[in-house]
Amino acid sequence: MINAFTGLWKTSGYFRFGIVAVVFAVVMVVLSFFSPYKPMESYAVAADAPPSLENWFGTTSRGQDLFWQMTFALRNSLAFGIITALLSRIIAIFVGMYSGYKGGWFDKVLMSVNDSFVIMPVLPILLLLNFLLRDQMNWFYMSLMMALLGWAWDARLIRSQVLSLKERVFSETAVFCGMPTRKIIFREHMPYVLPVLFSTTINNLLWSIGMEVTLSILGLTNLNNPTIGVVIFWANQHQAMISGSWWWVAAPVIVTVFVFTGFYLLSVSINEFIDPRTRLRMKGGAA
Amino acid sequence: MSETIELLSVQNAKKSFRLGGILSNKEIIAVNEVSFSLFADKPDILSIIGESGSGKSTLSRLILRLLLPDSGSIKLEGTDVHAMKGRKQELDYMRRVQPIFQNPFETFNPLNRVDEFLMATATNYFPGEKPAQAKERVEKALQAVGLSLAEVGERYPHELSGGQLQRASVARAIIPNPKILVADEPVSMVDASLRMSIVNLFQELKNTMGTSIIYITHDLATAYYISDRIAIIHKGYFVEQGDTEAILSKPKHPYTKLLVESTLDPRPGATSLADGEVSTGDEEYLAVGCKFAARCPRAMDICRKVQPAETIVGNWKVRCHLYGENNAS
Amino acid sequence: DPNKEVIPGVKRGDTIIVEDPTGAITNPDSFNIWTCWAGGNGGWSHGLQQLGLDTLWLIDPDSGLPHKGEKDNTWHNSLAADRPAYNKDFTVMTVKLKKGLYWSDNVEFTAADVKYTVETLAQNPTALFGPQFKTDVKSMTTPDKYTIVFNLSAPNSRFHRNFTVRWNACWIMPKHRFEKDLKSATDLMTYNFNPPLSLGPYTLKDYDKNGRWYMWERRADWAKTSINDFGKPVPTYVMYQLDLPNDKKVIAQTNHDLDMIHEVTPEGIISLAKNKWETNWFQGFPFGHPDPTLIAILPNNARAPFDNKDVRWALALSLDITKVALASYKGAVTLSPLHYPPTGTSKKYYFDPMQGFLKDLSIDTGTNKAYKPYDTTIAAKIGDMVRPQFGDAVPKDATRLAAMLGQGWWKYDPKAASDLLIKAGMTKKGDQWYKKNGEQFKITLFNWGTGNPTLQRLGTMVAELWTAFGIETTALSAQDNGTRYGLGDFDVNMGWNIESWGGNPDISFFADSMHSRFYTPVGEVHNGRNQVRYKSAELDNILDKVNVSDFNDVGKSAALGLEFLKLTAKDMPTIPLMSYNVMSSQDNTYWTGYPNFDKPYANPVTNWANSRYIFTQLKQMLPPTK
Amino acid sequence: MSDLILQTKGLRASYITHLYGIDREVKVVDGVDLSIKKNEFFGIAGESGCGKTTLLKLIAGFCKPPLQVQAGSVEFLGLKEPMSLFEATEAELYKIRWRNISYIMQGSMNVLNPVRKIFKSFEDFAYPHMQELTPAGFKQRVIEHLGNLRLSKDVLETYPHELSGGMRQRVTIGLATLCSPEIIIADEPTTALDVVVQRETLGLIKRIQKELANTIILVTHDLAVHANVSDRIAIMYAGTIVEEGKTTDIFDRPAHPYTQHLIRSLPRLGDKEKKGYLKGAPPNLADPPPGCRFHPRCPLAVDRCRVEVPKLELKKSGTMAACFLAE
Amino acid sequence: MTFKHVFNKNFGKYLLGRVGQTIMVIIIGITITFIIPRLAPTNPVELKIQQMMVSGANIHPEAIKAFREAMNDIYGLKGTLFEQYVNFWSRLSRGDLGPSIFSFPRPATDIIMKAMPWTIGLLLSTSVISWIFGNLLGGLAGYQSNRRWTKWAELAANSIRPIPYYIFAFILLILFCFVWPLFPTMGAYDPGMDEEWMNPVFLLSVLHHTFLPALSLVLTGLGAWLLGMRALVSNIISEDYVQYAEVAGVKKKTILYQYVMRNAMLPQITGLGMSLGGIFSGALITEYVYGIPGMGQLSYRAIVGFDYSLIMGVSIFSIVGVSVAVLIVDLLYPIFDPRVRLN
Ligand SMILES: Nc1ncnc2c1ncn2[C@@H]1O[C@H](COP(=O)(O)OP(=O)(O)OP(=O)(O)O)[C@@H](O)[C@H]1O
Ligand SMILES: Nc1ncnc2c1ncn2[C@@H]1O[C@H](COP(=O)(O)OP(=O)(O)OP(=O)(O)O)[C@@H](O)[C@H]1O
Ligand SMILES: [Mg+2]
Ligand SMILES: [Mg+2]
C-alpha cells in the first residue's frame with residue numbers, strides 16, 4: 001500500500017496533482033470546523049473586499065469571508081456528492097453484477113427497471129421532487145434522490161463487464177470450485193469491475209455536484225446552507241459577475257475546478273494502477 | 001453390457017444453434033444424436049476426436065450442465081443432470097463431474113492466487129472440515145499430479161509455467177474425488193513436452209484413482225497414446241466409435257481416414273502435405289444427408305440425400321453408407 | 001449606430017428599446033387583457049396597457065406633468081373629460097367623455113364602447129372585473145354619445161376605481177371590433193384580439209412569436225388620442241424586450257441595445273452608473289425609484305403566536321433594519337414604519353404629519369409601560385455605513401438624507417423584544433426562544449423567489465436576524481409558498497400588501513381588502529383578499545367611512561388615512577419595511593429626458609401604464625440619417 | 001556469403017518496464033546469431049515463453065517499448081546494400097515492409113480488424129506498396145492471389161468473424177504474401193488449427209515458398225510441423241539458441257540434451273511407448289540462472305554448466321549446439 | 001450487410017420482444033411522471049390564482065371562485081387520482097394532452113411543437129458536434145498519449161467540465177458579446193424575421209445567434225466524450241489487430257480511424273443514442289442565458305407552474321425520445337459492429 005503510494009507519487013504527475021488537490025480539499029473541510037465565522041453570517045467582515053492577505057479569497061457583498069465560506073461549501077458539496085456517489089454505487093453494483101451474472105428472467109426484470117430509470121428525465125424529476133419536499137428538503141434527501149436517479153446507467157456498464165467476465169474460463173472454474181454466486185461476483189469479478197466502478201464514481205460525483213449547482217442556481221436548494229452551488233447562487237443574486245466582485249464567482253469556480261481536476265487526475269492514475277493489466281504487469285506477468 | 005452400471009449415459013443428445021444472428025435463419029445442429037456411456041466399474045479414457053467446430057466443446061458443455069440440450073438425455077448414475085436444481089444438487093453433481101479446461105493460462109483468475117481456487121474447492125465440497133484438513137486434501141491432490149503446496153502456494157497464475165498450471169488445474173479437479181473428468185482440449189495450448197506430461201497424468205489418474213476421463217482433442221497422436229475408447233465426431237455426429245487401437249489402425253469411416261492421414265508424423269518428410277480445397281466451417285453443418293459427403297472421396301448419391309444411421313461393423317459403431325444395412329460390404 | 005435596423009425597416013435611432021420585466025410571455029399571440037389568464041401570462045405590459053389601450057382616468061404615482069384641463073398634475077382625465085361625478089348617496093356615477101378620440105382604425109371612441117365593455121365583462125364570471133360589474137352595476141345609460149351614467153346597486157364612492165389606472169384598471173374594448181369577432185359574449189374567454197386595435201398613441205407593428213419582444217409604432221393620428229393633452233410622443237417606435245436575465249440586461253445596456261432597464265440588482269446599477277451616458281432616478285446613491293408599494297413582513301394574524309400584538313412588535317424590534325437595508329438594497333432604501341409606501345405625495349399627506357405621533361408612540365413591553373420604539377437616527381446610521389462606498393452622493397444633511405432613506409424606523413432593541421416575548425408568555429432557554437406550550441419558537445419565512453434577487457436577499461437577512469435573536473427562522477423560497485399563503489398555512493410571508501395611489505392619498509385602493517368582510521379562516525382558501533387574516537372592528541369602521549366619502553375631497557381622504565395609519569402603527573398587523581425601490585436605469589445615448597428625482601414627472605418603471613407619459617418628454621439624440 | 005538474406009549478430013533484447021517505481025527487465029533474447037539463406041525454409045522451435053515471438057519481432061524490425069534492443073544487429077541483405085534494421089529510419093523501414101519482409105503475427109485468428117471487410121484489410125496492408133496498380137488492377141490482383149490460396153473471391157466482402165479459422169489463417173497468409181516479399185516471417189501460423197486444416201495450411205505455405213522462391217522463417221513449438229516443412233531449424237531455450245542445423249540432422253542426431261528430450265517426447269500414431277517429461281519449470285527470464293540456462297532441468301548437467309555459458313559450435317552430429325557435453 | 005433476411009421469423013420475434021420492452025419501460029416512466037407532480041400539495045389552479053394576485057390584477061373574490069371552478073373542470077382535476085390517470089390515458093390515446101395552463105387556451109402539444117425545433121436544432125447539432133470532436137480528440141489522445149497537446153486537450157476538457165455551466169455560459173457571453181462583441185446578446189434570431197426554417201437568411205441569423213450557446217454546449221459536452229473515448233482507445237491499442245497493422249506499416253490515419261476508433265465506437269454510439277434522447281428535455285440553463293425558446297425553459301416553466309399538461313407533454317417526449325433512441329441504437333448495432341448478434 002505504502003509502496004504503491006510512493007511508487008505512484010514518484011512516477012505520476014497526475015497522482016501528485018491529485019493528491020495535492022485532495023489534501024487541499026481535506027484541509028478545507030477540516031478547517032470548516034474551526035471557522036471563526038458561522039457559514040452564512042452576514043457582515044462579519046468588511047463587505048466587497050478583494051482577495052488580500054487578510055481575506056484570502058476576498059469577501060462577499062454580504063460581508064462574509066469567502067475563504068471560510070468555501071470551507072463549508074466544499075464540505076457540504078463533497079459530503080453531498082460522496083453520499084450520492086456511494087449510495088448509487090451500491091445500487092449499481094448489486095443490480096449490475098447480479099443481473100449480469102444471474103441472467104435469465106432475473107436479468108430481464110432488473111434491466112427493465114434499470115431502463116425505466118435510464119430514460120427518466122432527471123432534471124424535471126428532480127425539480128418536481130424538490131417542490132414536493134420543499135421545506136423538508138435537505139442535502140441528505142437530495143443526495144438520496146440523486147442516488148436513485150444516478151445508478152442506472154452505471155449498472156448497465158457494470159453488467160456488460162460482468163457479462164463478458166462470465167464468459168471467461170476462470171468463472172467456470174470458480175463454479176466448479178463450488179463457490180457460491182456471491183463469492184464469484186465479489187471475489188472473482190470485482191477486481192475487474194473496479195476500474196469501471198472507480199471512474200464512474202468520479203463521474204457520478206461530478207454529475208451530482210453539478211446537478212446540485214444547477215438546482216442551486218435556480219434557487220431550488222436550501223439557500224441557507226452553503227454549498228458550492230449556493231455560494232454561486234448568492235454571487236448571482238448580487239450580480240457579482242458584472243459588478244466587479246469577480247472573486248465571488250472565481251473562488252467557488254477555481255476551488256471546484258482545482259479539486260475536481262485533482263480528483264479526476266487522481267482517478268486516472270489510480271485507475272491505471274488498479275487496472276488488472278497493470279496489476280498483472282506489476283506482479284511480473286505479461287499482460 | 002446390461003450387467004454393468006452406467007455411470008454416465010448420454011442418449012440422443014442434441015443441441016442446435018442459430019447462425020449469424022438476426023439476419024439469417026440458418027440453424028446448425030452442433031451435437032446430433034449423440035449417445036455413449038461410461039461405466040462405473042470400468043474406468044475408461046474416452047477420447048472424442050474431431051476437427052475444429054465439430055461440436056466437441058458443445059458436447060462437453062452439455063455434460064457439464066453449462067448448456068441445456070434441445071432433446072435427449074444426459075444421466076449421471078441414473079439421474080438427469082439437467083434436472084438437478086438448487087445448490088445442494090448442483091454441488092452433488094459437481095462433486096462427481098469436474099472439468100479441465102483447454103487453456104491453463106485462462107483456467108485461473110490471473111488476479112487471484114492459484115491456491116485460493118484449490119482451497120475453495122476443498123472447503124466447498126467438504127464443508128464441515130477444518131482449514132488444516134482442507135489443506136491436507138489440497139496437498140494430497142497436488143502430490144497426485146506431481147506438485148506440492150510449497151510449489152504453487154501463494155503464487156499467481158502467471159508465476160507458474162503452463163505445465164504447472166495445467167497440473168494444478170487437474171489437481172483442483174480431483175480434490176472432490178470425481179468419478180468423471182471432462183477435459184476439453186486440455187493440452188492443445190501447451191508444447192509437446194508438457195503435453196506428454198499431462199497426458200501421462202491422465203493415465204495415472206485412471207489407474208490409481210479409478211477416474212473416468214472424457215478426453216476431447218483433435219490430436220490423434222495423444223488420443224492414441226492414452227485412450228481406451230475413441231469417438232470420432234464430425235459436424236455433430238459420432239461417425240465412428242469404439243476401441244482406439246482398432247479404429248486408428250483400420251479406420252472405416254472416410255473421415256476418420258482423413259484425420260489419420262492428416263496427423264503429422266514427426267519424422268522429417270514423413271507426411272504428405274495436402275493443399276486442396278480449404279475445409280469449410282459451418283456450411284457443412286447445413287448439408288443434407290451425410291455432412292462429410294462433399295469432401296468424401298467415396299461419396300455416393302445416397303450420401304448427399306440421407307443421413308446414415310449408426311451401424312455396428314465389426315466391433316465398433318460406424319455411421320456411413322458404405323457400411324449401412326443397404327450396402328453392407 | 002442609429003442607422004442599424006432593429007427589425008427590417010425600423011432604425012435604431014428612431015426606436016426606444018424598453019425592458020418589460022414580465023418574463024417570457026407564454027401566450028404571445030393573445031392581446032386579450034380582459035381574461036383572467038392574461039394576468040398570469042403577463043401579456044399586459046409589453047406595450048399593450050402603456051401604448052395601446054386607454055381607460056377613463058390615470059393617476060400618476062409621482063408628481064405628474066402639467067396638462068390641459070387639470071390643475072392636479074397627478075390626475076389625468078384620460079378618456080373622460082372630467083373627474084368622476086357621483087350623486088349625493090353615491091349610487092350614480094356620471095362620466096363625461098372626451099370628444100374627438102379615435103381608434104386606430106379611425107372609428108370614433110364613444111360611450112357605447114364603455115357600455116359594451118362593462119356589459120360584456122359582466123356576462124363572464126372568469127373575466128377580470130366581470131364579477132365586480134355584475135354585482136355592482138345595476139344598469140347603464142348613455143344619454144348621448146359622450147356621456148355614460150352608471151346606476152350602482154349599492155352606495156359606492158369609489159366605483160370609479162375600476163376605471164382609474166395607477167398600475168391597472170378596466171381597459172375599454174373597441175365595440176365595433178369585438179362585436180364583429182365575438183359570436184357571444186362568452187367567446188371573450190378564448191378570444192385573442194390579435195392584432196390589437198389601439199386607442200393609445202401607438203399601434204402594434206410586429207412582435208416575436210416566442211413572446212420576447214413587441215414593436216409599437218406611433219400612430220400618424222396620435223393627436224386623436226388622450227396623449228394629446230401632453231404633447232407628441234417623440235420616438236417613432238417603441239420596442240419592448242422581455243425575459244432578460246439580470247446580467248444580460250447590464251450587458252445589453254452597456255452595448256446600447258437596451259435604453260430603459262426596468263430594474264436590476266443594486267450591484268448592477270452601481271456598475272452601470274459608472275457610465276457617463278447612464279441615468280437613474282437619483283443620480284448616484286440611492287439610485288432607485290421608490291415604488292408606491294410597500295414591502296412588509298406579513299405574519300399570519302390568525303395563527304398563534306403571531307395573533308399576539310406583542311409578538312409582532314418583538315419581531316419588529318429584533319430586526320436591525322440597517323442590516324436589512326444593507327443586505328437588500330446596499331443601503332439604498334426608503335424606510336417606512338407606517339402601513340403606507342413612503343413615496344409620491346405621501347410625505348406631504350402622511351409622513352410629515354405622523355412624525356409627532358411616532359415620536360410619542362409608546363408600547364408596554366411588560367417591564368416598561370411606556371417604551372418608545374421609534375428611532376429617527378436610522379437614516380443617519382445607514383448614511384454613515386454607505387458613505388465610504390458612495391462618497392458625496394450620500395448627503396450629510398439629515399433632512400435630505402431622511403428624504404432619501406426615510407425619516408425613521410423602529411429601534412433595534414433585542415432587550416425590549418425579549419421583554420415583549422416574555423410578556424407573551426415565552427421563555428428563553430440557552431439562546432433559543434420557547435413558546436408557552438414548551439415548543440421551540442421556530443418560524444418558516446416564505447421568502448421571495450429567485451426572480452427578485454434584491455428582495456430574496458432581504459428575506460434571507462430577516463431570517464438571519466431573527467435566528468440570531470433566538471428564533472430559529474428558515475427562509476423558504478418554495479414554489480408553493482403562494483398556495484400555502486393563500487390557504488393561511490404559513491407563519492410569516494414576505495410580500496406586498498399595501499400599495500398606494502401614489503399621487504393621491506386615498507387609502508381605499510389597498511386597505512379595502514383588509515376589511516373583515518374578506519376574512520377567511522385558516523385552512524379555507526382565501527379569495528384574494530386579506531391574506532394576513534387580520535380582523536379589527538376599528539379598521540372596519542374607518543374603511544366604512546372611506547366608502548361613503550367623496551374621493552375628490554382629498555382632505556377628508558387624508559384624514560381617514562391618518563386614522564388608519566395610527567391604528568395600524570399601534571397594532572402592527574404587518575411589519576412595514578420600506579418602499580419597493582426599483583433600480584431602473586436609462587441610457588441617454590439615443591434618448592434623453594427621462595424622469596428623475598429632480599424632475600419626477602412619471603414613474604420610471606417601464607411596465608406601468610403611466611410610463612406612456614415619458615415618451616412625450618424625451619429628446620432624440622441621434623436621429624438616423626435619411 | 002552472398003546467398004544470405006538476413007543475419008542477426010549478438011542480438012540481445014529485453015522487455016523493460018517501469019511501473020510505479022517497480023522496474024523489471026525480462027531478458028528474452030540473449031545473444032542470438034542467425035544467418036538465414038535465400039530460398040530457405042527456416043524453422044525456430046522452443047517451448048512457450050522462450051522468446052520466439054520476440055525474436056521474430058526483432059527480425060521484422062518491429063521494436064517498440066517495452067521491448068528494447070540492448071546489443072547486436074539485424075541486417076537485411078536483400079537490397080544492394082546491407083540494411084541494418086535498427087539503424088534504418090522509419091521511412092526506410094516502411095519501404096521494405098511487406099515489399100521485402102512481411103510478417104504473419106502469432107494468433108492470426110485475431111489479427112484481422114473485426115469491423116473491417118477483408119478486402120479493406122488488403123487495401124490497408126498491401127496497396128500502399130503496390131502503387132503501380134490501379135485500384136481495379138489491385139483488386140484483380142487480390143482476387144487472383146486468393147484463388148492461389150484456394151479462397152473464393154466472396155471472402156473479400158466478408159468480415160473476419162464470418163470465416164472459419166482455417167480461412168482466416170489463409171487470409172493472413174494471403175496478406176503477407178501478396179507483394180511477394182523476399183522474406184516471410186510466420187509466427188505459429190498453424191497452432192490453433194485442427195489437424196486437417198493444419199495439414200492443408202502447411203501444404204499451402206510450402207507451395208508458396210516454392211513458387212515465390214523466397215525465404216520463410218517459421219516459428220512453432222510443434223516439432224512435427226518443422227519435421228515436415230523446414231529445411232533448417234533452430235531450437236530455442238530461454239532466450240538463447242541451443243541448437244541449429246539441418247532438419248534431418250536435428251531429428252536424427254540431436255546434440256543438445258534439450259533437443260534430445262524434445263525429439264523423444266513426440267507422440268506418434270501407432271506408438272504407445274511411454275514418454276518422459278522434463279521436470280521443473282522453465283527459467284524465469286527476469287532472473288535467468290547463471291551458466292547454461294538449461295542446467296537446472298538438464299539430467300546431464302555438470303559443474304561447469306552452472307557457471308559457464310556454452311557457445312554455439314559445430315558438433316560431430318553435423319549440427320551446431322551450445323552444450324559442453326555434446327561432441 | 002444484406003437485408004434480404006431482415007424480416008425472418010427470428011428477427012420478428014426479437015423485434016417484437018424488444019419493442020414490447022421499450023413500451024413497458026415507457027409506460028412505467030410516464031406513470032411515474034404522472035404521479036410525482038400530483039403528490040404535491042399544490043396544484044396548477046391555485047398557483048395560477050396566486051400568480052394573478054401577485055401580478056396585481058384587481059380581481060373580485062367572485063371571479064376567483066368562478067375561475068377556480070372553471071379551471072378544475074378543464075384540467076380534469078376532479079375525481080380520484082386513479083380516475084384522473086385513466087382519463088389521462090384515454091385523452092393521450094387521442095393525442096390530446098389538454099390545454100396548457102399558463103398559456104391557456106393553447107394546447108400543450110402546440111406549445112411543445114413550437115419549442116421543439118429550437119431544442120432539436122441546437123441540441124442535436126451540438127450533441128453530434130461535441131460527440132464527433134470529443135471522440136476525435138479522445139481517439140488522438142488515447143492513440144498518441146504521450147504527445148504534449150493531447151495532454152493539454154485532456155486537461156482543458158477536464159477543467160471545463162467542473163465549471164458550473166451557468167458561469168461558463170456567461171463567461172462566453174461576456175467575452176463575445178461584450179468585451180469583443182461578435183455575437184448578439186438577445187434572442188434566437190434577428191427580430192422581425194419570421195420562423196421560416198427554409199429561408200436561408202433566417203437560418204443564417206439563427207446560426208449567428210445560436211453560435212455562442214452552441215459553442216458553450218459543445219465545449220462542455222466534449223470533455224465527457226473525450227475521456228470516454230480515450231479510455232476505450234487505450235484498451236484497444238493493445239489488441240492484436242492494431243499491433244499487426246502497425247507492424248505492417250498501415251497508415252497511421254487508417255489505424256487511428258479504422259482500427260482503433262472504429263472498434264471503440266460501440267459504447268460511444270450507445271452514449272450518443274442516450275444523449276440524443278435526452279435532448280427532448282432541453283438545455284435549461286443555456287436557453288435561459290441565451291434566450292432560446294426551447295424545451296428547457298418550457299419544461300422548467302411547466303414544472304414551476306405545475307402545468308400538468310405541459311409537464312406530461314415534455315416528459316413523454318423525453319421518455320419516448322430516450323427509449324426510442326436506445327431502441328434504434330440497439331437495432332443498429334449489427335451495422336456498427338458486424339460481430340454483434342441480436343438475440
Ligand atoms: N453459443 C453458441 N452460439 C452459436 N453457435 C455456437 C455456439 N457455440 C458453438 N456454436 C457453433 O457450434 C459449432 C460447434 O462448436 P464447438 O465449439 O462445439 O466446436 P468444437 O468442436 O469444440 O471446436 P473447436 O475445436 O474449435 O473448439 C460451431 O460451428 C460453432 O460455431
Ligand atoms: N510486453 C511484454 N512485457 C513484458 N514481458 C513480456 C512481454 N511480452 C512478452 N514478455 C515475456 O517475454 C517472454 C518471451 O515471450 P515470447 O512471446 O517471445 O515467447 P514465445 O516463445 O513466443 O512464447 P509462445 O510460444 O507462448 O508464443 C515471456 O516470458 C513473456 O512473459
Ligand atoms: Mg472446442
Ligand atoms: Mg510466441
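So you know, we letter chains A, B, ... as the sequences are listed, proteins then strands, and number each from 1.
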Hey, what do you get for [atom1] ([X]) to [atom2] ([Y]), rounding to the nearest 0.5 Å?
| X | Y | atom1 | atom2 | result |
| --- | --- | --- | --- | --- |
| N222(A) | L476(C) | CG | CG | 8.5 Å |
| S245(A) | E267(C) | OG | CD | 7.0 Å |
| L223(A) | N447(C) | CG | CG | 8.5 Å |
| N246(C) | N236(A) | CG | CG | 9.0 Å |

(message) Check whether Q237(A) reaches the backbone of Q456(C) with its side chain - one donor and one acceptor, N or O, closer than 3.5 Å.
(response) no

(request) Report yes or no: does S243(A) contribute a side-chain atom to a donor-acceptor pair with the main-chain N or O of S271(C) at less than 3.5 Å? (result) no

(request) Check the side chains of Q239(A) and D247(C) for a donor-acceptor pair under 3.5 angstrom, ignoring hydrogens and angles. (result) yes

(message) Check this for me: does any side-chain nitrogen of one of K38(A) and E464(C) sit under 4.0 Å from a carboxylate oxygen of the other?
(response) no

(request) Tell me, for I217(A) versus chain C, whether the close heavy atoms (under 4.5 Å) come from the side chain, the backbone, both or neither. (result) backbone

(request) Please look at D48(A) and chain C and tell me whether the side chain, the backbone, both or neither of the residue comes under 4.5 angstrom of a heavy atom of that chain. (result) side chain

(message) Tell me if the CD atom of E54(A) is crowded by more than 12 foreign heavy atoms within 6.0 Å.
(response) no

(message) A quick test of your reading: do over 12 heavy atoms of other residues, nucleotides or ligands sit less than 6.0 Å from NZ of K274(C)?
(response) yes

(request) Determine the option with the most heavy-atom pairs under 4.5 angstrom with chain A, choosing from A463(C), A327(C), G449(C), G268(C). (result) A327(C)

(message) With heavy-atom distances below 4.5 Å as the criterion, would you say the side chains of R457(C) and H238(A) are in contact?
(response) yes

(request) Taking the side chain as every heavy atom from C-beta outward, state whether N224(A) and T460(C) have any atom pair closer than 4.5 Å. (result) yes

(request) With sequence neighbours excluded, tell me which residues meet side chain to side chain contact (heavy atoms under 4.5 Å, CB included) with A25(A). (result) L74(A), L78(A), V259(A)

(request) With a 4.5 angstrom heavy-atom cut-off, could you sort out which part of L326(C) is near chain A: side chain, backbone, both or neither? (result) both

(message) To check you understand the geometry: which heavy-atom pair defines the closest contact between Y43(A) and K323(C), and what is its length?
(response) CE1-O, 3.9 Å

(request) Name all pairs fulfilling the side chain to side chain donor-acceptor pair (under 3.5 Å) condition that reach into residues 81-91 of chain A, sequence neighbours left out, sorted by first residue then second. (result) S88(A)-N204(A), R89(A)-D154(A), R89(A)-T200(A)

